[in-house]
Amino acid sequence: MPYVLGVDVGTTRTAAAICRLARVGRPDVEVVGLGGPGGGVASAVRITPDGEFAVGEVGDPWLTATGFARRIGDEVPVLLGQDWVAPEDLTALLVVWVAGQVADREGEPAAHIAVTHPPGWGAQRKELFQEALRHAGLTRCSLVAEPLAAVENHFAAGGGGDVQAVFSLGSHAFSASVVRRSLDQPPELVGSVEGHDHPAGVDFDDAVLGHVRTTVGRELTDLDPADPWVGQVLARLRFDGEAAKRALSALAEVAVPVHLVDGVREVVLTRPRFEDLIRPAVELAVDTLVRTTTAHGDPDVVLLVGGSARVPLVAEVVSGALRARIAIEAAPETSVVKGAALLARRVVEGPDAEPEARETSVLRRFDDPSLRFPVGELGLPDDEFAAPPPRPPVDITPLDLPRRSVKRVVRGLKPAGSRRSTHTADDEDGR
């Protein structure tokens, strides 16, 4: 059955969702399980000793690349094993892997793929990523800003409002955006701020660990981090601390286990104490949201998206700062990827979903030359323009770094632990 695919490559996790084009008896959008906790997979690419590549597995730091999705546009490549690989090529490789996994499950490749990107990306980053996706064989692919996807998902679920504020809080990233959307018009991004230095979910985890360290005292702080056993204890403590943070979204208190030499000690953490620890960080993020919306008027609704947005304190502080309805799904970490799949379906099912030729367009198609540089049309005759004066020559010495293209990465490696997908992008395009 034909379908379209949405892919959300986050800093730490990657998610996927599909929309079936023949929707009789089927839900509009389905989140696809990729084998990791919560249905997603870790945004990591690792080279195995056999020369294959594994996605979602973090191993030897020398052979593992992480955090590359947010580095697209950075001229410094990522060292993966003995090869230098551009961040956009690694991200494209991850999207190829996701598309292959879904194609194996569905029995055919997606008719179209929509990949999300941060709202602050300009034309250069988009072009770099589009080029990498093309080189990887994904030619039926579009890019969509994360807040636009979140708003599309909101409308598909029956939500309304002409002006939506999108408060996105993930594990490592935060952004505040304003989107205009009506029933007969596609969403338009009118303002956005990315808080690169803002605390996010990982900082909430650190707050939990700080509480545990303070409670346990020297039994924990005096441990030698160079001891391999201690490293395992601290890694397990961070995992349990993150689980405690998630549990406090529904429970009044949790007990965080600490594995010490003389046994397991449990540290109790209540929700009020946890909220006291993270309140300054949440209030800072909400202040940024308020400043972002000020220039565009009060929003009709505030969408809370991202895994860390499920913390009850977030909705409490947002509702106290803005006179708007608060909307959050049961699984806010999937709001963006579901919206991406819905927008991919609009591209396939009708011309009315085509984006306008503008920088803030919802989608940008590879196969539409008019959208390569979406600067719009001035409607002026050619004789109104004079040729610019010639520019003096400039000698530029390029930075000579060895780089392995994504073509070589895809051809030289195969997925570890599974057969290579037979549903390639070349098959899709008949080449």
Side-chain angles (χ1 to χ4, degrees), residues 5-17 29 31 40 43 67-73 87-88 91 94-95 98 113-123 125-126 129-130 133 141-157 159 163-181 186-196 198 200-201 285 288-289 292-293 299 301-310 314 327-329 331-344 346-347 355 359-364:
L5 172 65
V7 181
D8 179 29
V9 182
T11 307
T12 56
R13 303 202 63 74
T14 294
V29 60
V31 177
S43 300
F68 42 80
R70 294 280 169 172
R71 285 188 53 193
I72 292 179
E88 59 270 19
T91 310
L94 182 54
V95 176
V98 172
I113 303 174
V115 185
T116 63
H117 65 80
W121 274 20
R125 287 183 174 180
K126 294 176 186 177
F129 192 26
Q130 286 177 331
L133 290 169
C141 196
S142 302
L143 301 184
V144 54
E146 293 164 359
L148 298 180
V151 169
E152 187 69 18
N153 178 64
H154 171 69
F155 267 77
V163 180
Q164 293 87 20
V166 181
F167 182 94
S168 176
L169 188 61
S171 59
H172 287 82
F174 161 74
S175 67
S177 307
V178 179
V179 177
R180 294 190 184 277
R181 168 72 152 86
E188 178 186 4
L189 182 63
V190 297
S192 179
V193 173
E194 288 188 75
H196 297 287
H198 277 267
T288 302
L289 173 67
T292 305
T293 59
V301 59
V302 179
L303 309 182
L304 305 183
V305 302
S308 297
R310 67 171 68 244
V314 172
I328 181 172
E329 293 190 331
E333 61 273 12
T334 65
S335 300
V336 170
V337 72
K338 290 192 294 185
L342 290 164
L343 287 170
R346 287 179 54 194
V347 172
E359 179 60 27
T360 56
S361 61
V362 177
L363 298 172
R364 298 171 64 198

Test your reading of the model: is there a side-chain donor-acceptor pair from Arg13 to the backbone of Gly40, 3.5 Å cut-off? yes
Rounded to the nearest 0.5 Å, how far does CD of Glu194 lie from CD of Glu146? 7.5 Å
Which pair of heavy atoms, one from Cys141 and one from Val115, lies closest together, and at what distance? SG-CG2, 3.6 Å
What verdict does the side-chain contact (heavy atoms from CB on, under 4.5 Å) test give for Val302 and Leu289, after you've listed the backbone C-alpha separation in whole Å, the side-chain angles of each residue and the deciding distance to 0.1 Å? CA-CA 10 Å; Val302 179; Leu289 173 67; 4.1 Å; yes
Ile328 CD1 to Ser335 OG distance, which is reported to the nearest 0.5 Å: 7.5 Å
When every non-hydrogen atom of Ala341 is compared with those of Ala17, the smallest separation belongs to CB-O, 3.6 Å
Main-chain N/O of Ser43 paired with Thr14 side-chain donor or acceptor, under 3.5 Å: no
Just do the side-chain contact (heavy atoms from CB on, under 4.5 Å) check on Leu342 and Asn153 with the steps written out, would you? CA-CA 7 Å; Leu342 290 164; Asn153 178 64; 4.2 Å; yes
What are the two closest non-hydrogen atoms of Thr293 and Ala165, and how far apart are they? CG2-CB, 3.9 Å
Taking all heavy atoms of Ala176 and all of Thr292, pick out the closest pair and write down the distance. O-CG2, 3.6 Å
Spatial distance of atom OG (Ser177) from atom CZ (Phe167) [nearest 0.5 Å]: 11.0 Å
Restricting to non-hydrogen atoms, name the atom on Ala114 and the atom on Ala340 that form the minimum distance, rounded to 0.1 Å. CB-O, 3.3 Å
Going by the rule salt bridge (Lys or Arg N to Asp or Glu O under 4.0 Å), which residues pair with Glu152 if we only count those two or more places apart in sequence or in a different chain? Arg181, Arg346
Polar side-chain atom of Arg180 near backbone of Glu188 as donor-acceptor pair, under 3.5 Å: no
Can you label the angle between the Phe129 ring and the Trp121 ring as parallel, tilted or perpendicular, going by 30° and 60°? perpendicular
Could you grab the distance from atom NE2 of His117 to atom CZ of Arg70, nearest 0.5 Å is fine? 11.0 Å
Gap separating the CG atom of Leu189 from the CD atom of Gln164, nearest 0.5 angstrom: 11.5 Å
Thr334 vs Val337, side-chain contact (heavy atoms from CB on, under 4.5 Å): CA-CA, chis, key distance, verdict: CA-CA 5 Å; Thr334 65; Val337 72; 4.3 Å; yes
Kindly determine whether Leu143 and Leu133 satisfy side-chain contact (heavy atoms from CB on, under 4.5 Å), including the steps that lead there. CA-CA 10 Å; Leu143 301 184; Leu133 290 169; 4.0 Å; yes
Note: Ala150 and Val166 closest approach over all heavy atoms is CB-CG1, 4.2 Å
Without placing hydrogens or testing angles, list every side-chain donor-acceptor pair under 3.5 Å for residues 303-310, not counting sequence neighbours.
| from | atom 1 | to | atom 2 | distance (Å) |
| --- | --- | --- | --- | --- |
| Ser308 | OG | Gly170 | O | 3.2 |
| Arg310 | NH1 | Ala330 | O | 3.4 |
| Arg310 | NH2 | Glu333 | OE1 | 2.6 |
| Arg310 | NH2 | Glu333 | OE2 | 2.9 |

Separation of His154 NE2 from Glu329 CD (nearest 0.5 Å): 10.0 Å
Of all pairs that satisfy salt bridge (charged side-chain N to carboxylate O under 4.0 Å, His left out), the ones with a partner from residues 167-176, not counting sequence neighbours: none
